There are 2 protein chains.
Amino acid sequence: MSSQPASSAVRLAAETWESLFRSQVAVMRKLQSGPAFKELPVKEYDVLFTLSRCPSGQLRLNEINDKVLLSQSSLSRLVDRLEKRGLVERTTAPDDGRGVLLSLTEAGSELQKTIGREHVRDIAHLVAPALTADEQRELLRLTEKLRASVAEH
Amino acid sequence: MSSQPASSAVRLAAETWESLFRSQVAVMRKLQSGPAFKELPVKEYDVLFTLSRCPSGQLRLNEINDKVLLSQSSLSRLVDRLEKRGLVERTTAPDDGRGVLLSLTEAGSELQKTIGREHVRDIAHLVAPALTADEQRELLRLTEKLRASVAEH
DNA sequence: TCAAACTAGATGCATTTGCATGTATCAGTG
DNA sequence: CACTGATACATGCAAATGCATCTAGTTTGA
């Protein structure tokens with residue numbers, strides 16, 4: 001298969017992950033320190049964002065939990081906070097009495113859009129000067145491929 | 001400059017970041033649930049790892065803080081915990097009385113190596129099946145380029 | 001059909017985190 | 001050299017997080 005010793009393959013994978021991880025840290029650092037997240041912590045925004053991207057407008061809590069790096073209980077309480085602020089609504093899932101469907105309220109949708117506009121600008125200011133459009137497309141492709149593969153296994 | 005409308009450039013940057021972020025979440029999820037991190041939380045391991053990679057064997061707290069996604073105070077207390085477990089040592093920086101140099105103890109070095117071996121295997125099991133060696137090298141290059149650019153600005 | 005096993009989500013509680021602030025040291029200016 | 005402001009790290013305290021567990025609804029299989 002490989003023309004290289006196994007240790008090199010392992011090493012390359014480790015270095016790749018390390019670089020991906022550090023770049024994520026560096027970018028996230030900048031993003032979360034921006035003024036866009038004074039009103040709402042990044043993790044809470046991320047839930048609003050995820051809901052806003054969802055075609056049906058509703059997601060199960062466990063679906064959301066797959067997207068964010070939070071334990072199930074932490075997500076449950078994060079949603080408590082969002083609900084208390086009137087940004088989201090919990091509904092019992094119609095097909096499964098155990099499940100909870102989450103949806104944005106009007107206020108939640110508005111806040112997501114407001115923060116989102118600024119957030120997207122911040123992202124562009126960090127990413128665009130760093131990588132060409134082609135490089136961004138390639139990075140997008142590679143990370144998506146990685147994510148999809150990891151999600152399966 | 002660009003042959004595309006500005007909104008497309010912004011959109012591409014945002015999608016690229018989103019994909020990078022989600023892939024990081026997916027991989028980290030798997031990694032931190034592995035048995036390697038029963039003994040020591042990932043963030044604490046990361047500090048040991050960072051120290052182990054450092055040529056001088058010593059790093060200032062603020063240097064470490066650049067690498068991890070933690071507030072200054074959280075890192076300070078994380079180091080408290082590591083110190084209490086005898087895994088690291090604090091020393092006053094010789095050239096700057098305010099600074100603290102952190103170094104691994106023998107026990108800390110041992111634990112880092114033990115966890116590290118397993119951790120690296122776990123990484124390889126996730127990354128190697130997902131991307132070819134060339135793709136990994138490209139992902140490494142792009143994320144490093146992104147990190148370096150973000151670190152400057 | 002019904003009990004056992006499983007799944008989704010909520011909750012008690014101890015730990016971790018971050019914000020604001022405190023203390024000590026350093027660097028620059030008159 | 002004294003003074004002002006900045007930097008490095010520590011700490012009090014409130015909030016967020018995760019583990020273990022609980023409740024309720026669902027699936028399985030004898």
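Small disclaimer: the values here were computed from a predicted structure and weren't measured. Proteins come first, then strands; the chains are lettered A, B, ... in the order of their sequence lines, and each starts at number 1.
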Choose from [options] the nucleotide whose nearest atom is closest to any side-chain atom of [X].
X: B:Ser73; options: C:dA20, C:dA10, D:dC9; value: C:dA20
X: B:Ser71; options: D:dA10, C:dC6, C:dG18; value: C:dG18
X: B:Lys43; options: C:dA10, C:dT17, D:dT11; value: C:dT17
X: A:Arg77; options: D:dC13, D:dA8, D:dG18; value: D:dG18
X: A:Ser74; options: D:dT11, C:dC26, D:dG18; value: D:dG18
X: A:Glu44; options: D:dA6, D:dA16, C:dA10; value: D:dA16
X: B:Asn62; options: C:dA8, C:dA20, D:dA8; value: D:dA8
X: B:Arg98; options: D:dA24, D:dT17, C:dC26; value: C:dC26

Please give, in whole Å, the distance from [N] [atom2] to [X] [atom1]?
X: B:Leu61; N: D:dT7; atom1: CG; atom2: P; result: 17 Å
X: B:Leu59; N: D:dC9; atom1: CG; atom2: P; result: 11 Å
X: B:Asp66; N: D:dC9; atom1: CG; atom2: P; result: 11 Å
X: B:Ile64; N: D:dA8; atom1: CD1; atom2: C1'; result: 13 Å
X: B:Asn65; N: D:dT7; atom1: CG; atom2: C1'; result: 13 Å
X: A:Arg90; N: D:dA24; atom1: CZ; atom2: P; result: 16 Å
X: B:Arg29; N: D:dT17; atom1: CZ; atom2: P; result: 13 Å
X: B:Lys84; N: D:dA10; atom1: NZ; atom2: P; result: 12 Å

- Message: Is the phosphate of C:dT17 approached by B:Arg81 (side-chain N or O, under 4.0 Å from OP1 or OP2)?
- Response: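 True: B:Arg81 side-chain N/O within range (under 4.0 Å) of C:dT17 OP1/OP2.
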- Determine whether the aromatic ring centres of A:His119 and A:Phe37 lie less than 6.0 Å apart.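 Aromatic pair counts; centres sit under 6.0 Å.
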- With no hydrogens and no angle check, is any side-chain donor or acceptor of A:Glu110 less than 3.5 Å from a backbone partner on A:Ala107?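 Judged by distance alone, no pair lies under 3.5 Å.
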- With no hydrogens and no angle check, is any side-chain donor or acceptor of A:Thr16 less than 3.5 Å from a backbone partner on A:Leu12?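 The answer is yes, because a donor-acceptor pair under 3.5 Å joins these two groups.
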- Select base, sugar-phosphate, or nothing to describe what B:Asp80 touches, counting heavy atoms under 4.0 Å on all strands.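 Touches nothing.
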- Task: For B:Pro41 and for A:Leu75, find the nucleotide of DNA chain C with the closest heavy atom, then tell me which residue's nucleotide is more 5'.
- Result: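 Upstream on the strand: A:Leu75.
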- Residue mapping more 5' on DNA chain C - nearest nucleotide basis, A:Arg60 or A:Gln32: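 On the 5' side of the pair lies A:Arg60.
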- Query: Within a strict 4.5 Å, meaning less than it, do heavy atoms of the B:Glu44 and B:Phe49 side chains meet?
  - Reply: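 Not touching, per the 4.5 Å side-chain cut-off.
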- Treating Ile, Leu, Val, Met, Phe, Trp and Tyr as nodes and any side-chain heavy-atom pair under 4.5 angstrom as an edge, say whether B:Leu101 and B:Val47 lie in one connected cluster.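 Not linked; separate clusters.
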- Message: Let me spell it out: for each of A:Asp95 and A:Leu69, pick the nucleotide of DNA chain D with the closest heavy atom. Which residue's pick is nearer the 5' end?
- Response: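 Taking each residue's closest nucleotide, the earlier one in sequence belongs to A:Leu69.
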- Message: How close do A:Gln136 and A:Leu131 get, counting heavy atoms only, and between which atoms?
- Response: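 The pair with the smallest heavy-atom distance is NE2-O, 3.0 Å.
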- Go through the N and O atoms of the side chain of B:Gln72 and the base of D:dA10, and report whether any donor-acceptor pair is under 3.5 Å.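 Check passes, donor-acceptor contact within cut-off.
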